[in-house]
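Please read the structure below before turning to the comments.
Model, not experiment: these values are computed from the prediction. Nothing fancy with the numbering, it's 1 onward along the sequence.
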Amino acid sequence: MSDNRNVTAPHYLTATEMAHLVKTRQVSAVELLQAHLDRIEQVNPQVNAIVTLVAEQALKAAEAADAGEATGPLHGVPVAHKDLVDTKGIRTTYGSPLYADHVPDKDDVIVERLRAAGAILVGKTNTPEFGTGSHTVNEVFGATRNPYDLTRSAGGSSGGAAAALATGMVPLAGGSDMGGSLRNPASFCNVVGLRPTPGRVPALSEQAAWYTLSVPGPMARTVDDLTLMMSVISGFDARSPYSITEDFTPDERDVAGLRVAWSPDLGGLPVDPGTAAVTATAPGVFERLGARVEQVELDLSDAEDAFRVYRAWYYALAFGELDGLGANTSWNVEQGRKVTGADLARAERSRSGLYHRMAAFFDTYDVLIAPVSQVPPFPVEDPYVSEINGVRLPDYLAWMRSAYWISVLHAPAASVPAGFTPSGLPVGVQIIGRPFADATVLRAARAFEQATGHGLRRPPL
């Protein structure tokens, strides 16, 4: 049975509702912020989602918002940013002891745009060191716990953001995704996350300006809020060389006639039986909504080598000169130091071939649906998943294949709540579209969300 006890509490209103209430002065920005600060005080000690809180700065911003006219579509709405994202004057550790006291002197583009839209920044959310892995734990702040079961992982690397959303600490949160870091924690925490098409939300980097595996993106509790946030953070920026010039335009049509491909395992990946049972309900939902659903056989195995080579190369480039890195980050750097020109050439051929094969696939289908993660939330003390449904995994990365194989496709992909295991653990379904069809993905996600209502089930905190 769904637990909706807190669904109408102020901190569980949607961001869209909050923005309307502040704009029409039915609620002040200060009152709205205080409701969230009270909620943070109540639940954050249990989940450890927000690791740097800037309450005084936020209150000053809220007071200024109340004193002036609405500055944008998120006027007075609280937000939080992942601790990988630079925030001017606010500690940003990247989850690493090496940067435990680091305070940037500028905002990242996603922060700039949310500030300009009137959002109120309340703090930073937890992440593993440099976003390394889909389990949010680091030596600076410790682990973020799953609000639906405090003995379980919140996922990662945007796990702090997902847990903060699920518990009503903020209605919107910024994150990033290389191998599933917006999608996996959304699945684990029963919220929504979108990995946009690379370039849809500009990514700024002085070291790897052309790197497209990692993208910034939005997280929220509803798809409408996700779409609202996308309308603010997307758009061209000349500082990003592959920034998309086309404006993001939401697609509000229903999904009748939508061509949906369904893959229960993305071509043979092991999937936990509990996860498989929940995600197997998704095709029927789309059929009832009038979509044309077909189960398909896929071969995405070329994505494995391509992802690992490009990821390793990036880690050596970005972090290879740092001493004192944690075990996971160090392992990735060492893998990167072994990458040769021949490896990069092979990865590029594989990725190019996969891109063209999937372009042909999306001539037949509008979206692909599949599991987000191959497992439900696992014990928080475990560093990673080492076995799935009797299949032993070679390393800490392998359990995330259902997410990182999709990262290689240059495609938008959303995680939407799909249901719960018998023990009450959230499971998400992944909705994937052709490159640049972010609006189609959100259209399908919204229809699924509204047909099922799984996202209304709140954690028992």
Side-chain angles (χ1 to χ4, degrees), residues 133-137 143-159 162-163 166 177 179-193 262-285 295-298 300-301 303-304 307 368-407 413-432 448 452 454-455 457 459:
S134 285
H135 178 34
T136 298
V137 58
T144 297
R145 294 176 178 270
N146 193 302
Y148 288 87
D149 182 341
L150 296 175
T151 70
R152 300 280 169 157
S153 169
S157 62
S158 306
D177 187 308
S181 292
L182 284 159
R183 294 162 287 155
N184 163 265
S187 175
F188 274 23
C189 293
N190 203 45
V191 298
V192 291
W262 156 240
S263 176
D265 58 11
L266 288 175
L269 292 176
V271 180
D272 177 89
T275 295
V278 173
T279 55
T281 65
V285 173
Q295 185 165 332
V296 296
E297 294 296 327
L298 290 173
L300 301 180
S301 57
E304 179 71 16
F307 178 82
L368 166 67
I369 59 174
V372 178
S373 300
Q374 294 157 248
V375 294
F378 57 89
V380 71
E381 293 84 5
D382 293 352
Y384 55 89
V385 177
S386 59
E387 181 178 312
I388 302 175
N389 201 19
V391 178
R392 295 289 299 176
L393 304 178
D395 53 42
Y396 94 101
L397 275 178
W399 73 274
M400 300 179 279
R401 284 172 173 152
S402 57
Y404 72 65
W405 281 8
I406 303 305
S407 299
S415 174
V416 186
F420 294 78
T421 67
S423 60
L425 297 175
V427 175
V429 65
Q430 186 169 199
I431 302 175
I432 305 141
F448 182 86
T452 61
H454 295 307
R457 180 166 167 175

Compare every heavy atom of [Y] with every heavy atom of [X], then report the nearest pair and how far apart it is.
X	Y	answer
Ile369	Val429	CB-CG2, 4.3 Å
Ser187	Gly428	OG-N, 2.8 Å
Pro377	Pro426	CD-O, 3.5 Å
Ala186	Ala162	N-CB, 4.2 Å
Ser407	Gly179	OG-CA, 3.7 Å
Leu266	Ser402	CD1-O, 3.5 Å

Quick one: side-chain hydrogen bond (donor to acceptor under 3.5 Å, both in side chains) partners of [X], sequence neighbours excluded?
X	answer
Ser134	none
Ser386	none
Thr144	Asn126
Tyr384	none

Checklist line | pair Ser153-Phe188: side-chain heavy atoms closer than 4.5 Å | finding: yes
Check: Is there side-chain contact between Leu298 and Leu368, with at least one heavy-atom pair below 4.5 Å?
Finding: yes
I'd like to check the side-chain contact (heavy atoms from CB on, under 4.5 Å) partners of [X]; sequence neighbours left out, ordered by chain and number.
X	result
Ala303	Leu354, Trp405, Val408
Pro417	Asn190, Val192, His454
Ala413	Arg183, Ile406, Gln430, Ile432
Ser157	Lys82, Thr127, Pro128, Ser181

Are the side chain of [X] and the backbone N or O of [Y] linked by a donor-acceptor pair below 3.5 Å?
X	Y	answer
Asp177	Leu182	yes
His135	Asp382	yes
Thr151	Pro379	no
Thr136	Gly155	yes

Margin query: I need the full list of side chain to side chain donor-acceptor pair (under 3.5 Å) pairs touching residues 269-285, with sequence neighbours left out, sorted by first then second residue.
Written below: none
Next item on the list: Give me the ring orientation class for Phe420 and Tyr148: parallel if the planes are under 30° apart, tilted from 30 to 60°, perpendicular past 60°.
Entry: tilted
How many angstroms lie between [atom1] in [X] and [atom2] in [Y], if you round to the nearest 0.5 Å?
X	Y	atom1	atom2	value
Ser263	Gln295	OG	CD	7.5 Å
Leu300	Phe307	CG	CZ	14.0 Å
Ile388	Leu269	CD1	CG	8.0 Å

Next item on the list: Sort and list the pairs that fulfil salt bridge (charged side-chain N to carboxylate O under 4.0 Å, His left out) and have at least one residue in residues 388-404, not counting sequence neighbours.
Entry: Glu304-Arg401, Arg308-Asp395, Glu387-Arg392
Note to self: Does Thr421 form a side chain to side chain contact (heavy atoms under 4.5 Å, CB included) with Val427? I'd like the steps, not just the answer.
What the structure shows: CA-CA 7 Å; Thr421 67; Val427 175; 3.9 Å; yes
Next item on the list: Take Leu425 and Arg152, measure what side chain to side chain contact (heavy atoms under 4.5 Å, CB included) needs, and give me the verdict at the end.
Entry: CA-CA 9 Å; Leu425 297 175; Arg152 300 280 169 157; 4.0 Å; yes
Notebook entry, point to check: Is it the case that more than 12 heavy atoms not belonging to Glu297 sit under 6.0 Å from its CD atom?
Noted result: no
